[in-house]
Amino acid sequence: MFKKYIKENQLISNLQELIKIPSVYEEMQNDKEPFGKNTVKALEYALKLGEALGFRTKNIDNYCGYIEFGEGEELIGIIGHLDVVPEGENWTYPPFEARLVDNKIYGRGAIDDKGPVVASLYAMKAVMDYCTENSISINKRVRLILGLNEERNWKCIEYYKQHEEIPSIGFSPDADFPCIYAEKGLISPFLIMDYSYYKNNDIVITSIDCNNNALNVVPKYCSCNISVKNGIKIDDVNNLVQNIVSELKFDIDTKIINNTELKITSSGIQAHAAHPDLGVNSISRLIILLDKLFKNYNITIPLFDLFTKYIGLDYNGEKLNINIPDESGNLTLNVGKFYFKNDDLKIGFNLRVPINTKFEFIEDHFSTICKEFNNVSCAFTGKKDPLYVSKDSYLVKTLCSIFNEVTSSHAEPIAIGGATYARAFDNFVSFGANLPNQKDLCHQTDEFISIDNLLLACDIYAKAIFELLFT
């Protein structure tokens, strides 16, 4: 129905040009570029493309923008983003060259989210051209909203909500097919302890370095430097650490520095915080080792004692007694931060909370446990309410039906631990563009989108837009 209206070569060329713009967040230099000059360049390119394709466009103060067609009071939304995460290392092809190899476009943002955004734009164009050719009046509006700060803190969408019309229904092409009907809630607890009282002990923490790991990433690396006092020999501490490592079977190395300090380095496997079981957490293992090390010298660090007793290597909150699974799955817990600053020791967590579990329940459990341990407190940040749209809703049933019709499949809607752009508005869900059982290359080295999947997504989106317009 719509394939003949999709301009394939033009779509591919435009996507390549968009990927070539390195739209990574930069600290604000001025009010005209709130998220960096390259995010503005990406927005300007997309809006200019939208105008060339015959749409109405608006730049909303370089925070975000939109591309729109149709008439009428009701507004259907599609929300995607043009900002990308930093490129990372060890790419086979340059991350901002958008090279076409083996029918795949390689580049940062190819699947997250520039490819799906361009597919959505050309789907809108296909629907508009089909309706024009067949003299079909369009009595609703379709608006492709383009964010520039999704990878950081969504200030682009906060700004949009303050200044623009809110869609009544829609989807985000920023995750998986067939359709995501539920996304867990997010909360980030921090455990904090004043370490100044312990600085006169025989062995003392002097620094911690976790390579500026993000809370939503299972940390690959974390190190801690230890100094000694009161006649304790650094070689003896090193030997003790080696014995503990051998007992625990952790991937931890040590290095003596200037015969006065011991650097302890824990190595793990990086993964997304929504799937901590796929990684190996270097911070958790380092804290467990440190707890054993200090207790060998009759020193109990309350923060480490709490951690070992109630968290350890558990990534489902079972030891904390906070995991209450529901249809969205288990709670997941990632230890993402560990640092020492201004005499404060801090451990930060990223929790993905089942949709029926209240944040107050999580907060009460953490607060109660902290009372067992001297000088340990907790704070909570990063709250994002869960997303839930019933599997029996018109939106979910319609989008899943369209996907299954186009792909001749029988896929069911899914629940995830990730946080997608669909949370921006009520009555929205994520819809593609990753196919079921397809490896998720979001934020990964050698990110790509296959041309076949790009065009398939475009066709699916066209059918979805048409369905939402005329039902």
Side-chain angles (χ1 to χ4, degrees), residues 189-191 193 195 198 201-228 232-257 261-320 323 332-340 345-351 369 373 376:
F190 280 79
L191 298 176
M193 191 195 83
Y195 188 68
Y198 300 89
N201 286 323
D202 291 346
I203 60 172
V204 179
I205 295 171
T206 57
S207 65
I208 296 170
D209 178 14
C210 294
N211 204 28
N212 200 28
N213 189 72
L215 268 176
N216 64 349
V217 175
V218 177
K220 184 178 181 179
Y221 162 92
C222 189
S223 70
C224 177
N225 281 27
I226 301 289
S227 66
V228 295
I232 299 295
K233 295 180 180 179
I234 199 71
D235 286 331
D236 292 340
V237 176
N238 184 38
N239 290 334
L240 179 55
V241 170
Q242 295 292 343
N243 289 336
I244 296 171
V245 169
S246 179
E247 172 196 339
L248 295 172
K249 296 181 171 56
F250 292 164
D251 186 0
I252 292 178
D253 295 319
T254 61
K255 180 180 180 181
I256 295 175
I257 302 172
E261 280 197 340
L262 181 68
K263 182 175 183 177
I264 306 170
T265 301
S266 174
S267 298
I269 297 174
Q270 185 172 310
H272 195 289
H275 305 286
D277 55 309
L278 300 180
V280 173
N281 197 300
S282 62
I283 292 177
S284 298
R285 285 157 173 77
L286 179 60
I287 296 172
I288 291 169
L289 179 141
L290 290 174
D291 184 54
K292 284 183 171 290
L293 173 64
F294 278 88
K295 285 177 177 175
N296 266 277
Y297 286 92
N298 297 315
I299 302 167
T300 296
I301 306 297
L303 182 63
F304 299 164
D305 198 22
L306 182 160
F307 186 91
T308 302
K309 182 176 180 181
Y310 285 108
I311 299 159
L313 300 181
D314 175 28
Y315 49 73
N316 288 127
E318 298 287 356
K319 295 177 74 172
L320 283 163
N323 184 26
T332 59
L333 179 153
N334 179 57
V335 187
K337 293 283 188 183
F338 181 36
Y339 48 97
F340 180 39
L345 272 174
K346 292 186 181 181
I347 305 172
F349 306 85
N350 180 260
L351 271 60
I369 287 166
F373 299 87
V376 178

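As a basis for the values below, the full set of heavy atoms in this structure was taken, side chains included, without hydrogen atoms, waters or symmetry mates. Throughout, residue positions are numbered sequentially from 1 according to the sequence presented.
- Ile226 places a side-chain heavy atom less than 4.5 Å from the side chain of Ile205.
- Across every non-hydrogen atom of Ile234 and Glu261, the tightest pair is CD1-C, 3.7 Å.
- Each of Tyr339, Phe340, Tyr195 was evaluated against Lys346; a single residue qualifies, Tyr339, per the side-chain contact (heavy atoms from CB on, under 4.5 Å) test.
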In sequence, state the C-alpha distance, the side-chain angles, and the governing distance for Val218 and Tyr315, and then conclude on side chain to side chain contact (heavy atoms under 4.5 Å, CB included).
CA-CA 11 Å; Val218 177; Tyr315 49 73; over 6 Å; no

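- Considering every non-hydrogen atom in both Phe373 and Lys309, the closest pair reads CZ-CD, 4.1 Å.
- Across every non-hydrogen atom of Asp202 and Ile299, the tightest pair is N-CD1, 4.2 Å.
- You'll find the side chain of Ile232 reaches within 4.5 Å of the side chain of Tyr297, heavy atoms only.
- A 4.5 Å side-chain heavy-atom check between Met193 and Leu306 finds every atom pair outside the cut-off.
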Test side chain to side chain contact (heavy atoms under 4.5 Å, CB included) on Lys255 and Asn238 and set out the steps.
CA-CA 8 Å; Lys255 180 180 180 181; Asn238 184 38; over 6 Å; no

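- Put simply, the side chain of Leu351 reaches to within 4.5 Å of the side chain of Pro189, judged on heavy atoms.
- Open room surrounds NZ on Lys263; 12 or fewer heavy atoms of other groups in view lie less than 6.0 Å from it.
- Leu286 CG to Ile264 CD1: the interatomic distance, rounded to the nearest 0.5 Å, is 6.5 Å.
- Rounded to the nearest 0.5 angstrom, Phe349 CZ and Thr332 OG1 are separated by 13.0 Å.
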Criterion side chain to side chain contact (heavy atoms under 4.5 Å, CB included) on Ile288 and Phe307, from CA distance to verdict
CA-CA 8 Å; Ile288 291 169; Phe307 186 91; 4.3 Å; yes

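- For Cys224, there are no disulfide (SG to SG under 2.5 Å) partners at least two apart in sequence or on another chain.
- With rounding to the nearest 0.5 angstrom, the SG atom of Cys222 is 9.5 Å from the CG atom of Asn211.
- Here the straight-line distance linking atom CZ of Phe304 with atom CG of Leu289 works out to 10.0 Å at 0.5 Å rounding.
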Could you list the donor-acceptor pairs under 3.5 angstrom formed by side chains in residues 265-276, with sequence neighbours left out?
residue	atom	partner	partner atom	Å
Ser266	OG	Ser282	O	2.8
His272	ND1	Ala274	N	2.9

Show, in sequence, the C-alpha distance, side-chain angles and deciding distance for Lys292 and Thr308, and conclude whether the side chain to side chain contact (heavy atoms under 4.5 Å, CB included) test is met.
CA-CA 9 Å; Lys292 284 183 171 290; Thr308 302; over 6 Å; no

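- Using a 4.5 Å heavy-atom threshold, the side chains of Val237 and Val228 count as touching.
- Among all heavy-atom pairs drawn from Asn316 and Asp314, the shortest one is N-OD1, 3.0 Å.
- In this structure, CG on Asn225 lies 8.0 Å from CG on Leu262, to the nearest 0.5 angstrom.
- Remark: Asp236 CG is packed, more than 12 non-hydrogen atoms of other residues, nucleotides or ligands lying under 6.0 Å away.
- Side-chain atoms of Asn334 and Asn281 form a donor-acceptor pair, as typed in the model, at a separation below 3.5 Å.
- A distance-only check finds no donor-acceptor pair linking the side chain of Asn201 to the backbone of Val204 [under 3.5 Å].
- Summarising the geometry of Lys319 relative to Tyr310, their closest heavy-atom pair is CB-O, 3.2 Å, with the distance given to 0.1 Å.
- Leu191 CG to Ile287 CD1: the interatomic distance, rounded to the nearest 0.5 Å, is 9.0 Å.
- Cys210 and Phe338 get closest at one heavy-atom pair: SG-O, 3.5 Å.
- Under a 3.5 Å cut-off, the side chain of Lys220 and the backbone N or O of Asn213 do not form any donor-acceptor pair.
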Please list every donor-acceptor pair under 3.5 Å in which a side-chain atom of residues 242-253 meets a protein atom from a residue at least two apart or in another chain.
residue	atom	partner	partner atom	Å
Gln242	NE2	Thr254	OG1	2.6
Asn243	ND2	Asn239	O	3.4

